[in-house]
Amino acid sequence: MSRERYLVQGAVTHAMIGETVGADATGDTAGAISVFAGQVRADVFDGRTVAAIEYSSYEAMLKEAVAGIREVIFNAFSDVKTVTIIHSTGVVKAGEISLLVVVTAGHRDQAMRACTHTVELVKEKLPVWKKEIFEDESHRWV
Amino acid sequence: MSRERYLVQGAVTHAMIGETVGADATGDTAGAISVFAGQVRADVFDGRTVAAIEYSSYEAMLKEAVAGIREVIFNAFSDVKTVTIIHSTGVVKAGEISLLVVVTAGHRDQAMRACTHTVELVKEKLPVWKKEIFEDESHRWV
Amino acid sequence: MSVRVLFFGFLAERAGAPEKRYEAVTDTNALEAMVAGEIEGLQEYSYIVSVNRQAIRGNTPLNDGDEVAFLPPFAGG
Amino acid sequence: MSVRVLFFGFLAERAGAPEKRYEAVTDTNALEAMVAGEIEGLQEYSYIVSVNRQAIRGNTPLNDGDEVAFLPPFAGG
């Protein structure tokens, strides 16, 4: 199954999680749905608290990277039916979600392992950068 | 965090997934949300196709079992902030969700491992039974 | 004395009711013998017994008002 | 000949613009030398270079219209 949306402006909403599961877990042969959401933490660095993260990406390369990750997962996990990756671009505040991964499979073992592996590949392969914006409006690239 | 709802009549809806994440992933110190949803498959047994599963449970014991699982997880994973387990009772049709587990944690490693472990404990510890109802209205206890 | 006995899963179907009451039964061995008289082939099924929502191992004395349950293997999820 | 050069993450900040155009640059070594003249301390940063969205290793010839990018370590999620 092809999921065209992989970038979203600002935060991934809670409603979007339910909607994505609803769009992916169609049919009656998928027994397991594994979801990971990454949320911006109000970490403290050098006495300053993170208020938001501003994400930027190399969009043309990102599209290819998402397709590449999906191909790796489908090849590695024969029971997996769908893989969706949605990443935020722009500003996401602390306490908001910036990454959503949804994997559906026939059974739970492959759904969960494939979801974990997808998240690892997202961290490693997606051309995305983040700038922590602190409460005092200073920033730091991480 | 205490989640009082652990039984739901009929299917877990897609909206309920987003709502549960929204209720649990509050505050700005949870960086990772791991979700598992189990869905009824239209498996074929002996030439008959599963149309639905009817779940029943020993409610008083279930409540204690859910509390016990949450305690095990909180003790085993110090980074975990919330654990929610919601199981269906009654009839859930093929293609509908019957189990929802949501775990939030500071970081993804414990969120994902704790979610997997919670699902394993759900299968092992919850006093829940299921009756497969086939399309020809015959049934089988599994 | 009287105990409340609950049957779950396929045992509820076999017992013909999800709940029954047994009088004058002093321990779980005696209760299982009575139930086995009502559910044909009970000995061949896999199940555990709980008393007041705690799974038991071996024979356990019963008191008035106890809640005993016959639990087939759990099948949640 | 002319190549389009994109800068991402902190390198966009250091370069002063997310995108620049360089003329008469025949390979990536020559381009990196030109960019190093504009971004102080470039050699000390960790980054990779891509040509037409493929990461390269070692010196790579450039053609008119190529899209080159300077990519700091990825930090998605």
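Reminder, nothing fancy here: chain letters follow the sequence lines and each chain counts from 1.
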[X] side-chain N/O to [Y] backbone N/O, donor-acceptor pair under 3.5 Å:
X        : Y        : value
D:Asn52  : D:Asp66  : no
A:Asp46  : A:Arg48  : no
A:Thr116 : A:Met112 : yes

Given a strict heavy-atom distance threshold of 4.5 Å, which part of [X] is in contact with chain A: side chain, backbone, both, or neither?
X       : answer
D:Leu71 : both
D:Glu13 : side chain
D:Pro73 : backbone

Relative to chain D, which segment of [X] carries a heavy atom at a distance below 4.5 Å: side chain, backbone, both, or neither?
X       : answer
A:Ser88 : neither
A:Gln39 : neither
A:Tyr58 : both

Exercise for review: Using the six-membered ring of A:Phe45, assess whether NZ or CZ of A:Arg140 lies under 6.0 Å from its centre and within 45 degrees of the ring axis.
Suggested key: yes
Point to revise | Lys/Arg-Asp/Glu bridge criterion (N-O < 4.0 Å) met for D:Glu19, D:Arg4 | key: yes
Practice item. Could you give me the CA-CA distance, side-chain angles and deciding distance for A:Phe134 and A:His139, then say whether ring pair (Phe, Tyr, Trp, His ring centres under 6.0 Å) is met? Key: CA-CA 6 Å; A:Phe134 298 101; A:His139 73 264; 8.6 Å; no
**Study point:** Top of A:Gly38, A:Ala60, A:Ser56, A:Ser98 for chain D proximity - count of heavy-atom pairs under 4.5 angstrom
**Key:** A:Ala60
